[in-house]
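Take a look at the structure below.
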Number of protein chains: 2
Amino acid sequence: MKLLSKTCMYGIRAVLYLTSLEQEKSYVHIRQISEHLHLSFHFLTKILQNLAAHNIIDSYRGPNGGVSLARPARKIKVIELINAIDGKDSFRGCILALPGCGEGTPCPLHAYWGETRDRIKSAFENTTLAKLEKQITEGGLRLI
Amino acid sequence: MKLLSKTCMYGIRAVLYLTSLEQEKSYVHIRQISEHLHLSFHFLTKILQNLAAHNIIDSYRGPNGGVSLARPARKIKVIELINAIDGKDSFRGCILALPGCGEGTPCPLHAYWGETRDRIKSAFENTTLAKLEKQITEGGLRLI
DNA sequence: TTATTTTCAGATAAAATAGTCTTAAATATG
DNA sequence: CATATTTAAGACTATTTTATCTGAAAATAA
Ligand code: SF4
Ligand code: SF4
């Protein structure tokens, strides 16, 4: 069972780290992020390029360059990251992969699955980076 | 988001088909199953070999050979198939893949995830093939 | 016995995912 | 301007998952 791809996990962790720094619009080097989270710098760079293309983070080249959140953390929903990295249809996936499903009668596992899946999805839709960050600081939760 | 691997989906569908035939301990050709479900015969054979090794189905070679449920459908739980195919640790997977997790303090997504994951798992633990089969016949649900 | 049918076992191939590396482009500073 | 720094872009490699293929082993039937 894989809720998110590894790529997506890395993206979320990186952006949560950015959130935790909560500097006012100053760029953070990707190298700093990758070292802090123990991730491959090059791989993370690719992931963050994607998030930049989706206007979730801003990026800037050269010395003093780096990445930063494109908006305040309370305006970025976790589902946005998931959609950007794992694709919009990530939560459309079903349980038995029947050909041409969703139109006719459902498979016998649909009842169990559909509801649960929607609940998971809406949890991500209703969670902002700020919300998660609050939990991190209040609950002593960790990113690494 | 992938709840089950494709391999696992195929295995479940195949075994549900066996259940639907509910013949008294007579073997069904894998070829018949694969054609009915539109799956690759060779691939399905490998999946069913695995299920046979895990004592979920019985198999028999030669003409009149094939596979059949190892026990009555009401005594086979869906989680058994998942454990056999996707592995015992399938529902241990987490959301941020932190190194050495589960021991110390959790990551900020753990709260959302853990509960949901356990609910999904216990749904599979409390569902037998017979239960699903009942839904199929009563609800006009489909396997192909 | 001999031929046929079927699963078993393992090698191989293709596709998807994950990760690495190299070079180019933009920016800052002296 | 020249140079150092940093992200951008894309080719390349590695690993995992999914799928195919081949021949052996077991059971049956003629
Ligand atoms: S009925 Fe639902 S769970 Fe089943 S195959 Fe279709 S979409 Fe997937
Ligand atoms: S705290 Fe839970 S969800 Fe987060 S990384 Fe650990 S096991 Fe996974």
Side-chain angles (χ1 to χ4, degrees), chain A residues 1-15 18 26-35 37-70 82 84-87 89-90 93 96-97 99, chain B residues 1-14 18 26-35 37-70 82 85-87 89-90 93 96-97 99:
Chain A
M1 164 173 225
K2 227 160 72 174
L3 195 64
L4 306 175
S5 68
K6 277 192 170 192
T7 311
C8 194
M9 296 175 183
Y10 297 162
I12 292 175
R13 285 170 67 195
V15 170
L18 274 183
S26 91
Y27 292 102
V28 178
H29 297 159
I30 296 175
R31 183 126 250 151
Q32 176 186 338
I33 304 175
S34 72
E35 281 174 0
L37 300 181
H38 306 109
L39 299 178
S40 146
F41 164 74
H42 284 103
F43 194 27
L44 184 58
T45 293
K46 241 168 73 161
I47 297 169
L48 294 183
Q49 273 171 33
N50 180 16
L51 292 182
H54 282 84
N55 293 308
I56 291 167
I57 61 176
D58 285 337
S59 65
Y60 201 76
R61 293 197 243 200
N64 314 340
V67 293
S68 72
L69 298 183
I82 298 173
I85 297 172
D86 282 349
D89 293 342
S90 175
L96 289 189
Chain B
M1 162 173 228
K2 227 162 70 175
L3 194 64
L4 306 175
S5 68
K6 276 192 169 190
T7 311
C8 194
M9 295 175 185
Y10 297 163
I12 292 176
R13 284 170 67 193
L18 274 183
S26 91
Y27 291 102
V28 178
H29 296 158
I30 296 175
R31 183 127 249 150
Q32 175 186 338
I33 305 175
S34 72
E35 281 174 1
L37 300 181
H38 306 110
L39 298 178
S40 146
F41 164 72
H42 284 104
F43 195 28
L44 184 58
T45 292
K46 245 171 71 162
I47 297 169
L48 293 182
Q49 272 171 33
N50 181 17
L51 292 182
H54 282 84
N55 294 308
I56 292 166
I57 61 176
D58 285 337
S59 64
Y60 201 76
R61 294 197 244 200
N64 314 340
V67 293
S68 72
L69 298 183
I82 297 173
I85 298 173
D86 282 348
D89 293 342
S90 176
L96 288 189

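Every chain is numbered from 1, with letters handed out A, B, ... down the list of sequences. Since the model is a prediction, treat every value here as computed from it, not as a measurement.
Rounding to whole angstrom units, CZ of residue A:Phe43 and P of C:dT17 are separated by 12 Å. In this structure, B:Tyr10 places its OH atom 8 Å from P of D:dT18, rounding to the nearest Å. Between the C1' atom of C:dT17 and the CG atom of A:Leu3 lies a distance of 17 Å, rounded to the nearest Å. For the pair B:Gln49 CD and D:dT18 P, the computed distance is 17 Å after rounding to whole Å. One atom, CD1 of A:Ile47, and another, C1' of C:dG19, lie 9 Å apart when rounded to the nearest Å. If you take CG of B:Leu44 and P of D:dT20, they are 12 Å apart, rounded to a whole angstrom. When the P atom of D:dT7 is taken as reference, atom CD1 of A:Ile57 falls 10 Å away, rounded to whole Å. The CG atom of B:Asn64 sits 12 Å away from the C1' atom of C:dT4 (whole-angstrom rounding).
Side-chain proximity of A:Ser5 to C:dT20, C:dA18, D:dA27: nearest is C:dA18. Distances were taken from every side-chain heavy atom of A:His29 (C-beta onward) to each of D:dT17, D:dT6, C:dA28; the shortest belongs to D:dT6. Comparing D:dT18, D:dT5, D:dA8 against the side chain of A:Pro63 picks out D:dT5 as the nearest.
An OP1 or OP2 oxygen of D:dT6 is reached within less than 4.0 angstrom by no side-chain nitrogen or oxygen of A:Ser59. Here B:Thr7 reaches the OP1 or OP2 of D:dT18: one of its side-chain N or O atoms lies under 4.0 Å away. Contact check, A:Thr45 against D:dA8: no side-chain N or O comes under 4.0 Å of OP1 or OP2. At D:dA27, none of the side-chain N or O atoms of B:Tyr27 fall inside 4.0 Å of OP1 or OP2 (strictly under the cut-off). Residue B:Asn50 has no polar side-chain atom (N or O) positioned under 4.0 Å from OP1 or OP2 of C:dC8. The side chain of A:Ser40 contributes an N or O atom lying less than 4.0 Å from OP1 or OP2 of C:dT20.
Residue order along DNA chain C, read from the 5' end via each residue's closest nucleotide, puts A:Lys6 first among A:His42 and A:Lys6. Comparing B:Phe41 and B:Lys46, the nucleotide of DNA chain C nearest to each residue sits closer to the 5' end for B:Phe41.
Here B:Ile30 lies in heavy-atom contact (under 4.0 Å) with sugar-phosphate atoms only.
In this structure the side chain of B:Leu51 never reaches within 4.5 angstrom of the side chain of B:Val67, judged on heavy atoms.
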**Report entry** Candidate pair B:Ile12 and B:Leu4, rule side chain to side chain contact (heavy atoms under 4.5 Å, CB included), full reasoning
**Finding:** CA-CA 10 Å; B:Ile12 292 176; B:Leu4 306 175; 3.7 Å; yes
Query raised in the report: Given A:Arg31 and A:Glu35, is the side chain to side chain contact (heavy atoms under 4.5 Å, CB included) satisfied, shown in steps?
Result: CA-CA 6 Å; A:Arg31 183 126 250 151; A:Glu35 281 174 0; 3.8 Å; yes
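Listed for the A:Asp86 side chain is a donor-acceptor partner under 3.5 Å among the backbone atoms of A:Ser5. Remark: the backbone N or O of A:Ala70 is not paired with any side-chain donor or acceptor of A:Asn55 at under 3.5 angstrom.
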